[in-house]
Q: 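My questions will all concern the structure given below.
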Amino acid sequence: MSVRLSKEESEKRLDLRKETVHKVCLKKTDMSHLISRVAVVLDVSGSMTKAFQSGMVQATLERLLPLAMAFDDDGSMEVWTFDHEFKRYPPITRTNFYDYIKDNKISARGGTMYAPVLRDVGSYFVQEELAKIPTYVLFITDGDNADGSDTDKAIKILSHFPIFFQFVGIGDTSKNGFRYLRKLDDMDGRYVDNANFFAIENLADIEVIDDVSLYTKLLDEYPKWLNYQQVREMIAKGDVMDKQKKKYLKKLKKRSDSSGLEVGGLFVDIIEVLVDIFT
């Protein structure tokens, strides 16, 4: 990683990146005056240990925060972490971003399961924080999940709410990497296509991808999703908790019956975590 900037220098870079986001949005339909809630979901599975220790995760957050500064009405970004469980953290803002990972004692540890955190993100934005505002969620991971059927179910149910998921895979950019996430665009049974995915070697390094290219890539499919008639209708009803929403939320919170293959996958995932930690 490059030399750590001072807090003052980092704040100036945040503001420059916020302007870059605005410039990227000017080139996209219906994005120039967008108000959107922004959240980030961070993988803290054991295989992410080196990424945390090197400062890559902190640098990644500093590249993502300008999206919230540009879109969110209060400039904050909600934060979740996940391994085989999940945890909510205080929103990251221009005030507390510097050393956010260190200050909140966030580190890597367990396996990789997407569904638990997806369910909580959905519950939070649909039930706890109702609003006539779309939600853009950045989901950062370095590996495939061990709970495919549960994740399928969560993604399909969440397609009935105005929440868009931009999945970003870090590390393996080969066609064989992130097999589950690469299938998202072809997933049947969704109300609308509510997710996009791309893989990149290092999300934090501007030499790997510059700011304009990064924000352009991150916002590639979001405008298309916003223009779906179904999404517009969901946003318009975002502050109403009706029977239909309660029905979907009930389904969302109920876990699927995991197959033996998935349980075995979790076991393999745990073994891989231990190997990562001790090698």
Side-chain angles (χ1 to χ4, degrees), residues 36-41 43 78 80 82-86 111-131 133-141 143-169 178-199 218 220-238 240-263 265-266 269:
S36 178
R37 298 184 293 195
V38 180
V40 63
V41 177
D43 188 339
E78 304 298 328
W80 276 262
F82 76 95
D83 45 24
H84 53 280
E85 300 177 318
F86 69 87
T112 309
M113 299 180 76
Y114 297 166
V117 70
L118 288 173
R119 287 193 288 262
D120 194 63
V121 169
S123 295
Y124 178 80
F125 286 115
V126 175
Q127 189 172 33
E128 299 177 37
E129 295 290 332
L130 283 75
I133 301 173
T135 301
Y136 177 77
V137 180
L138 291 150
F139 194 105
I140 314 300
T141 182
D144 268 331
N145 51 331
D147 59 341
S149 64
D150 276 339
T151 302
D152 285 352
K153 178 183 175 182
I155 289 291
K156 290 174 184 178
I157 294 172
L158 288 167
S159 71
H160 292 272
F161 301 119
I163 305 173
F164 181 84
F165 294 91
Q166 175 60 62
F167 290 88
V168 182
F178 302 101
R179 292 183 181 180
Y180 177 85
L181 293 177
R182 291 184 188 279
K183 297 177 182 177
L184 276 183
D185 283 338
D186 299 320
M187 182 184 288
D188 295 327
R190 288 180 292 173
Y191 184 49
V192 293
D193 181 353
N194 60 340
N196 190 35
F197 167 75
F198 69 86
L218 288 172
D220 180 46
E221 199 165 319
Y222 192 45
K224 178 182 177 181
W225 176 82
L226 286 168
N227 281 318
Y228 287 135
Q229 182 61 35
Q230 300 98 311
V231 173
R232 291 181 178 181
E233 292 172 357
M234 289 190 288
I235 293 171
K237 299 177 182 178
V240 178
M241 179 56 68
D242 55 24
K243 292 182 179 179
Q244 190 67 18
K245 283 185 179 178
K246 290 179 181 178
K247 177 182 176 182
Y248 284 126
L249 281 170
K250 186 176 181 180
K251 289 183 178 180
L252 182 66
K253 294 175 182 178
K254 184 178 179 181
R255 288 194 58 177
S256 303
D257 291 329
S258 295
S259 66
L261 179 61
E262 285 190 291
V263 173
L266 177 58
D269 193 57

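Computed from a predicted structure; not experimentally measured. Along the sequence shown, the residues carry numbers beginning at 1.
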Q: Determine whether Met234 and Val231 make a side-chain contact, defined as any pair of heavy atoms from C-beta on separated by less than 4.5 Å.
A: yes
Q: Where is the tightest heavy-atom contact between Pro134 and Ser36, given as atom of each residue plus distance?
A: O-OG, 3.2 Å
Q: Output, in order, the C-alpha distance, side-chain angles, deciding distance and verdict of side chain to side chain contact (heavy atoms under 4.5 Å, CB included) for Asp242 and Lys245.
A: CA-CA 5 Å; Asp242 55 24; Lys245 283 185 179 178; 3.3 Å; yes
Q: Would you say Lys254's side chain and Leu249's backbone share a donor-acceptor pair under 3.5 angstrom?
A: no
Q: Side chains of residues 122-131: which donor-acceptor partners sit under 3.5 Å, not counting sequence neighbours?
A:
from, atom 1, to, atom 2, distance (Å)
Ser123, OG, Arg119, O, 3.1
Gln127, OE1, Lys253, NZ, 2.9
Glu128, OE1, Arg88, NH1, 3.0
Glu128, OE2, Arg88, NH2, 2.8

Q: Can you tell if the side chain of Val41 reaches within under 4.5 Å of the side chain of Val121, non-hydrogen atoms only?
A: yes
Q: Taking the side chain as every heavy atom from C-beta outward, state whether Leu252 and Ile157 have any pair of such atoms under 4.5 Å apart.
A: yes
Q: Before giving the answer on side chain to side chain contact (heavy atoms under 4.5 Å, CB included), spell out for Phe161 and Thr135 the whole-Å C-alpha distance, their side-chain angles and the decisive distance to 0.1 Å.
A: CA-CA 9 Å; Phe161 301 119; Thr135 301; over 6 Å; no
Q: I want to check something: taking the side chain as every heavy atom from C-beta on, are Met241 and Lys246 in contact at a cut-off of under 4.5 Å?
A: yes
Q: Taking all non-hydrogen atoms of both residues, which atom of Asn194 and which atom of Leu158 are closest, and how far apart?
A: ND2-C, 3.6 Å
Q: Grab the two heavy atoms, one from Gly143 and one from Asp43, that are nearest each other, plus how far apart they are.
A: N-OD2, 4.2 Å
Q: Partners of Asp188 by side chain to side chain contact (heavy atoms under 4.5 Å, CB included), sequence neighbours excluded?
A: none
Q: Just verifying a value: how many Å separate Asp150 CG and Ile155 CD1, rounded to the nearest 0.5 Å?
A: 12.0 Å
Q: Residues two or more places apart in sequence or in another chain: which of them pass side chain to side chain contact (heavy atoms under 4.5 Å, CB included) with Arg179?
A: Asp144, Asn176
Q: Taking the side chain as everything from C-beta on, heavy atoms only, tell me whether Asp83 gets closer than 4.5 Å to Thr112.
A: no
Q: Work out which heavy atom in Ala39 is nearest to a heavy atom in Trp80; give both atom names and the distance.
A: CB-CZ3, 3.9 Å
Q: By ring pair (Phe, Tyr, Trp, His ring centres under 6.0 Å), which residues pair with Phe139, not counting sequence neighbours?
A: Phe82, Tyr114, Phe167
Q: Any side-chain heavy atom of Val40 sitting closer than 4.5 Å to one from Val137?
A: no
Q: Got a sec, which residues hit ring pair (Phe, Tyr, Trp, His ring centres under 6.0 Å) with Tyr222, two or more places apart in sequence or on another chain?
A: Tyr136, Phe164, Trp225
Q: Before you tell me yes or no, could you show the steps for Glu85 and Val117 under side chain to side chain contact (heavy atoms under 4.5 Å, CB included), namely the whole-Å CA-CA distance, both residues' side-chain angles and the distance that decides it to 0.1 Å?
A: CA-CA 7 Å; Glu85 300 177 318; Val117 70; over 6 Å; no
Q: Got a second to check how far Asp193's CG is from Met187's CE, nearest 0.5 Å?
A: 10.0 Å
Q: Gln230: which residues meet the side chain to side chain contact (heavy atoms under 4.5 Å, CB included) condition with it, sequence neighbours left out?
A: Tyr191, Val192, Tyr228
Q: Please test Ile133 against Ile235 for side chain to side chain contact (heavy atoms under 4.5 Å, CB included), starting from the C-alpha separation and ending with a verdict.
A: CA-CA 6 Å; Ile133 301 173; Ile235 293 171; 5.9 Å; no
Q: Under the side chain to side chain contact (heavy atoms under 4.5 Å, CB included) test against Phe197, which residue among Leu181, Asp185, Val168 passes?
A: Leu181
Q: On a heavy-atom basis, which atom in Leu226 and which in Arg232 lie closest, and how many Å separate them?
A: O-CG, 3.6 Å
Q: Knowing that exactly one of Gln166, Arg182, Glu221 qualifies, which makes a side chain to side chain contact (heavy atoms under 4.5 Å, CB included) with Phe198?
A: Gln166
Q: Closest heavy-atom contact between Asp147 and Pro116?
A: OD2-CD, 3.6 Å
Q: Counting only heavy atoms not in Lys156, do more than 12 sit closer than 6.0 Å to its NZ atom?
A: yes
Q: With side chains defined as the heavy atoms from C-beta onward, is the minimum distance between Asn196 and Leu184 less than 4.5 Å?
A: no
